[in-house]
Amino acid sequence: MINININKEVFKFTYLPDYATFLLNNKLTEFVTVGIRFCREVDLPILKPLAKFSEEELVALSIESNKNILTAIANNKIPELIEINAEKWIDNNLGIIDKEEITAQDLTLGFYLRRKIYGFFLDAYTKNVFLQKFIISELDVYTTQEELISLNIYLQMQREKMSEMNKELKHRETLLLEAQCIIGVGSHLL
């Protein structure tokens, strides 16, 4: 059983919700297209299984996904969204990709890219350097905490996968030993 540990108090933000609302209402399509460009620039591994989608389909999927994230941030409901998304991932109910297609590199680079794209639009939201610093600080808390949660889930899934592989290996070893015994017994009878 995969354990999802979320400290909800860490996700109570003051400045990030208004910024997310601004992005949601004013920059969503541009936010998504720039994000896709950033993903391509670092050759994010998850792009390979997503290559089956046309550019328009990828943008539409990304708009829906980012709309959910930005709405959760705007409403200070990030822990709830993380929990829903984590359960979908664990249950392999992501819809467009298989959970096995998500790599540790996707997680680490994904959160780096999330920070980068939010930073990219910050100047369009405010020129106030102090406000920008507060937003960046909250963004760092948010992305770092979600990255820790995601990496923890990923590691637990990898452990479960290794455990299943070890069980299968032991089962095959048992079958092999039984076959060797049968062959050994049969050759003694001749």
Side-chain angles (χ1 to χ4, degrees), residues 4-51 53 55-86 88-89 94 96-97 101-154:
I4 305 171
N5 294 317
I6 301 173
N7 179 355
K8 293 182 180 187
E9 291 305 310
V10 173
F11 293 99
K12 299 285 186 210
F13 298 117
T14 304
Y15 305 99
L16 197 53
D18 288 339
Y19 181 43
T21 301
F22 165 79
L23 292 171
L24 189 60
N25 295 334
N26 302 292
K27 298 284 184 184
L28 184 59
T29 302
E30 186 181 357
F31 184 81
V32 164
T33 55
V34 170
I36 292 170
R37 187 184 83 218
F38 286 170
C39 290
R40 288 191 174 119
E41 286 173 1
V42 298
D43 198 23
L44 194 66
I46 199 67
L47 289 175
K48 287 177 184 72
L50 294 175
F53 297 106
E55 188 67 17
E56 295 79 26
E57 291 171 323
L58 186 59
V59 168
L61 289 167
S62 297
I63 283 175
E64 193 58 36
S65 171
N66 280 283
K67 190 185 293 183
N68 290 338
I69 294 168
L70 289 168
T71 300
I73 295 170
N75 296 321
N76 260 325
K77 301 277 187 195
I78 299 166
E80 291 82 355
L81 182 67
I82 292 171
E83 191 168 356
I84 289 166
N85 288 339
K88 285 181 181 178
W89 182 25
L94 297 170
I96 59 173
I97 57 170
E101 294 173 311
I102 299 172
T103 67
Q105 187 176 1
D106 286 313
L107 297 175
T108 302
L109 281 175
F111 287 107
Y112 158 73
L113 292 171
R114 189 171 292 175
R115 286 187 289 273
K116 183 176 177 178
I117 191 166
Y118 279 87
F120 183 85
F121 287 95
L122 197 52
D123 223 28
Y125 174 65
T126 183
K127 303 284 187 217
N128 183 324
V129 177
F130 295 108
L131 181 54
Q132 287 182 354
K133 287 182 180 185
F134 288 131
I135 292 168
I136 289 169
S137 176
E138 289 184 350
L139 181 62
D140 283 343
V141 170
Y142 158 52
T143 55
T144 300
Q145 289 301 311
E146 188 174 14
E147 184 176 14
L148 288 171
I149 292 164
S150 298
L151 287 171
N152 184 34
I153 292 168
Y154 179 80

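E147 has its side chain out of reach of L107: every pair of non-hydrogen atoms, C-beta onward, lies at least 4.5 Å apart. F38 places a side-chain heavy atom less than 4.5 Å from the side chain of V34.
Residue K77 qualifies as open at atom NZ: its count of foreign heavy atoms under 6.0 Å is 12 or below.
Side chain of S65 to backbone of L61: no donor-acceptor contact under 3.5 angstrom is found. Proximity of a side-chain donor or acceptor of T71 to a complementary backbone N or O of K67 within less than 3.5 Å is detected.
Rounding to the nearest 0.5 Å places CD1 of I136 at 11.5 Å from CZ of F134. Here the CD1-CG distance, from I46 to D106, works out to 4.5 Å after rounding to the nearest 0.5 Å. In this structure, L44 CG and T103 OG1 are separated by 7.5 Å, a value rounded to the nearest 0.5 Å. Considering OG of S150 and CH2 of W89, their distance stands at 5.5 Å, rounded to 0.5 Å. For the atom pair CD (Q145) and CD1 (I6), the distance works out to 10.5 Å, reported to the nearest 0.5 Å. Going from atom CD1 of I153 over to atom CD1 of I82 covers 9.0 Å, rounded to the nearest 0.5 Å.
Stacking of K27 on the aromatic ring of F121 is not recorded, the 6.0 Å distance cut-off and the 45° axial limit not both being met.
Summarising the geometry of Q132 relative to K127, their closest heavy-atom pair is NE2-CA, 4.1 Å, with the distance given to 0.1 Å. Scanning both residues, T143 and R115, for their nearest heavy atoms gives OG1-NH1, 2.9 Å. Closest of all the heavy-atom pairs between V59 and T33 is CG2-CG2, 4.3 Å.
When each of N75, L28, N25 is paired with L70, the side chain to side chain contact (heavy atoms under 4.5 Å, CB included) condition holds for L28 and for no other.
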Go through the steps to decide whether L94 and I102 satisfy the test side chain to side chain contact (heavy atoms under 4.5 Å, CB included), and finish with yes or no. CA-CA 11 Å; L94 297 170; I102 299 172; 3.6 Å; yes
Between side-chain atoms of residues 11-24 and protein atoms elsewhere (two or more places apart, or another chain), which donor-acceptor pairs fall under 3.5 Å?
unit_1	atom_1	unit_2	atom_2	d
Y19	OH	Y118	O	2.4
Y19	OH	L122	N	3.0
T21	OG1	P17	O	2.9

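Under a 4.0 Å N-O distance rule, the pair R114/E146 qualifies as a salt bridge.
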